[in-house]
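Everything on this sheet refers to the single structure shown next.
The model shown is predicted, which means the values in this text are computed figures rather than measured ones. The figures that follow rest on heavy atoms only: side chains count, while hydrogens, waters and symmetry mates do not. Chain letters run A, B, ... following the sequence lines, proteins first, then strands; residues in each count from 1.
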Amino acid sequence: MSSILKTFKERGFLKQIVAEEELDKLLHTQKIVFYIGFDPTADSLHVGHFVQLMAMRHMQLAGHTPIILIGGGTGMVGDPSGRTDMRNLMTKEVVQANCNAFQRQIAKFLSFEGENAAKMINNADWLCTLNYVDFLREIGMHFSVNKMLTAECYKSRMEKGLSFLEFNYMLMQAFDFYMLYEREGCLLQLGGDDQWSNLLAGVDLIRRKKQKVAYAMTFQLLTTSDGKKMGKTANGAIWLDANKTSPYDFYQYWRNIDDNDVEKVFKLLTFLSLEEIVQLCAFRDERMNRAKEILAYEVTKLVHGEDIANQVQQQVRAAFSNDVTNMPQVKIAKEKNNILDILIETGQAKSKSEARRVVEGGGVTIDDAKITDIHTIIAQHEFVLHKGKKVHIKVKLE
RNA sequence: GGGAAGUUUCCAGAGUGGCCAAAUGGAUCAGACUGUAAAUCUGACGUCUCCGACUUCAGUAGUUCGAAUCUACUACUUCCCA
């Protein structure tokens with residue numbers, strides 16, 4: 001078995017694959033060009049994309065050439081796969097802005113130099129100038145509506161309704177693969193498992209138009225041990241953009257994950273060797289915390305860089321050991337010195353009602369004094385705010 | 001084009017004239033227990049000047065002492081017939 005496929009299997013990436021043996025041989029004997037598409041549905045990538053980025057990196061390290069396909073064209077339509085409702089249609093300007101944001105983030109994961117330098121391509125280049133009739137005649141004729149309707153990815157949409165706009169998404173993605181096959185010699189498309197039908201559509205299209213074989217492989221979606229999508233918090237999704245999810249919160253998310261997910265995340269989202277991972281996950285008691293700390297550090301390092309990871313780790317350690325000089329610090333206006341305003345200004349409560357509840361629930365401590373009265377005024381100009389057992393920040397009034 | 005059903009608080013989903021800021025479950029937050037874990041138990045979960053007040057149940061206009069619940073219209077969604 002080729003080492004890359006073995007890696008994907010051992011690390012728990014692999015979900016479904018087209019012509020496994022053939023592809024295995026191909027990956028083993030040749031350096032190929034492959035691609036993953038990213039649709040600009042938001043202004044930042046989130047943890048769900050992270051797995052795909054890691055997979056690309058693994059592939060590049062194995063000598064294969066990655067193409068990052070930014071969905072400037074497909075993003076105009078919206079992928080209905082696995083969704084129960086239609087996406088809001090984005091304006092062209094938003095799509096463009098999101099594309100730019102994606103490019104910056106993805107660039108960190110891949111090398112754009114050397115023999116197998118990664119390439120970034122935007123499918124708007126060909127999708128936005130298509131001629132409708134030509135497209136229907138050349139591409140549309142190869143698709144069976146009957147077959148498309150039975151595709152797993154449309155199931156949930158068949159109950160709620162599927163617009164013709166979205167129904168075309170599969171053709172567009174198939175066409176992308178075909179274009180990359182023609183222009184770049186791209187033989188393989190990777191993606192999350194929710195993309196399986198779309199990937200197959202591309203493989204089919206290439207076979208019909210060129211009588212040539214192309215390959216597809218999907219990866220495990222990042223889920224928690226109880227099967228839910230990973231990356232949800234009170235403040236919404238975990239983003240890879242530091243402005244949307246601070247590196248501190250990002251680090252803490254991984255630091256706090258379920259014991260049962262640690263090994264999986266290590267394998268998928270870090271480059272530590274399997275031996276190291278097994279060793280780190282050997283313990284099922286408080287020693288597990290050491291593993292989680294390393295996990296959080298490694299993952300943060302990949303996304304935000306080593307300097308920031310070091311910095312954040314130091315802050316986290318300081319916060320949890322009550323080391324006042326190094327813990328994260330927030331400055332707020334000195335007029336906001338009552339406990340409710342402090343909670344809001346420091347971002348620990350979204351409304352006064354919420355702030356009130358945490359205080360009344362006994363979750364707030366200033367320095368060493370538990371605050372129980374919602375009217376409390378804090379006299380100090382500098383103090384440590386604790387909320388629950390996980391939030392410890394130094395607050396400065398000025 | 002004709003007919004039927006629907007649109008509820010982050011999500012799912014009850015509620016069909018006052019007992020409704022709205023059951024229940026999930027998510028989330030806090031407390032207890034712990035290992036910054038899980039499980040479990042407890043509490044909270046529209047907003048505010050919080051023992052009270054205010055704004056909500058697609059939108060608008062009504063009926064009524066009183067509407068998420070009734071009526072009309074508008075928008076959107078689904079289903080059936082053509």
Should [X] and [Y] count as an ion pair when the cut-off is N to O under 4.0 Å?
X	Y	answer
A/E263	A/K267	yes
A/D261	A/K264	yes
A/R356	A/E360	no

I'd like a list of close polar pairs between nucleotides 30-33 of chain B and the protein, N/O only, cut-off under 3.5 Å.
| from | atom 1 | to | atom 2 | distance (Å) |
| --- | --- | --- | --- | --- |
| B/A30 | O2' | A/G361 | O | 3.1 |
| B/C33 | N4 | A/K389 | NZ | 3.3 |

request  = Report the residues that fulfil side-chain hydrogen bond (donor to acceptor under 3.5 Å, both in side chains) with A/Y35, sequence neighbours left out, ordered by chain and then residue number.
outcome  = A/Q189
task = Using side-chain hydrogen bond (donor to acceptor under 3.5 Å, both in side chains) as the criterion, list what pairs up with A/R290, not counting sequence neighbours.
result =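 Partners of A/R290 by the side-chain hydrogen bond (donor to acceptor under 3.5 Å, both in side chains) criterion, ordered by chain and then number, come out as A/E293.
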For [X], enumerate each residue passing the ring pair (Phe, Tyr, Trp, His ring centres under 6.0 Å) test, keeping only those at least two apart in sequence or located in another chain.
X	value
A/F34	none
A/Y248	none
A/H49	A/F38, A/H46, A/F102

Pairing check on [N]: which nucleotide meets the Watson-Crick or G-U wobble criteria with it, both distances under 3.5 Å?
N	result
B/U56	none
B/A44	B/U28
B/A4	B/U78
B/C33	none

task = Look at the aromatic rings of A/F8 and A/F219 and report parallel, tilted or perpendicular, splitting at 30° and 60°.
result = tilted
task = Name the orientation class of the two ring planes belonging to A/F250 and A/F50 (parallel below 30°, tilted from 30 to 60°, perpendicular beyond 60°).
result = tilted
With A/Y181, the side chain to side chain contact (heavy atoms under 4.5 Å, CB included) member among A/V33, A/L188, A/V203, A/L187 = A/L187
Residues forming a salt bridge (charged side-chain N to carboxylate O under 4.0 Å, His left out) with A/E182, sequence neighbours excluded =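 A/E182 satisfies salt bridge (charged side-chain N to carboxylate O under 4.0 Å, His left out) with A/K210 once adjacent residues are dropped.
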note = Residues at least two apart in sequence or cross-chain that pass salt bridge (charged side-chain N to carboxylate O under 4.0 Å, His left out) with A/D373, listed by chain then number, are none
inquiry  = Against A/S44, only a single residue in A/K244, A/R104, A/Q105 fulfils side chain to side chain donor-acceptor pair (under 3.5 Å); can you say which?
reply    =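 That would be A/Q105; it is the only one of A/K244, A/R104, A/Q105 passing the side chain to side chain donor-acceptor pair (under 3.5 Å) with A/S44.
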note = The correct set of residues in residues 290-311 of chain A placing a heavy atom under 4.0 Å from RNA chain B is A/K292
note = Expected list for residues 274-284 of chain A near RNA chain B, using heavy atoms below 4.0 Å, is A/R284
Can you name the atoms? Protein N/O to nucleotides 20-25 of chain B N/O, anything below 3.5 Å, with the distance.
none

Considering only nitrogen or oxygen atoms on both sides, find all protein atoms under 3.5 Å from nucleotides 48-51 of chain B and state each distance.
| from | atom 1 | to | atom 2 | distance (Å) |
| --- | --- | --- | --- | --- |
| B/C48 | OP1 | A/K352 | N | 3.2 |
| B/C48 | OP2 | A/K352 | N | 3.2 |
| B/C48 | OP2 | A/S353 | N | 2.6 |
| B/C48 | OP2 | A/S353 | OG | 2.6 |
| B/U49 | OP1 | A/K352 | NZ | 3.3 |
| B/U49 | OP2 | A/R356 | NH2 | 3.4 |
| B/C50 | N3 | A/R356 | NE | 2.8 |
| B/C50 | N4 | A/S353 | OG | 3.4 |
| B/C50 | N4 | A/R356 | NE | 2.5 |
| B/C50 | N4 | A/R356 | NH2 | 2.9 |

request  = Could you tell me the separation between the CG atom of A/N198 and the CD atom of A/Q173, rounded to the nearest 0.5 Å?
outcome  = 4.0 Å
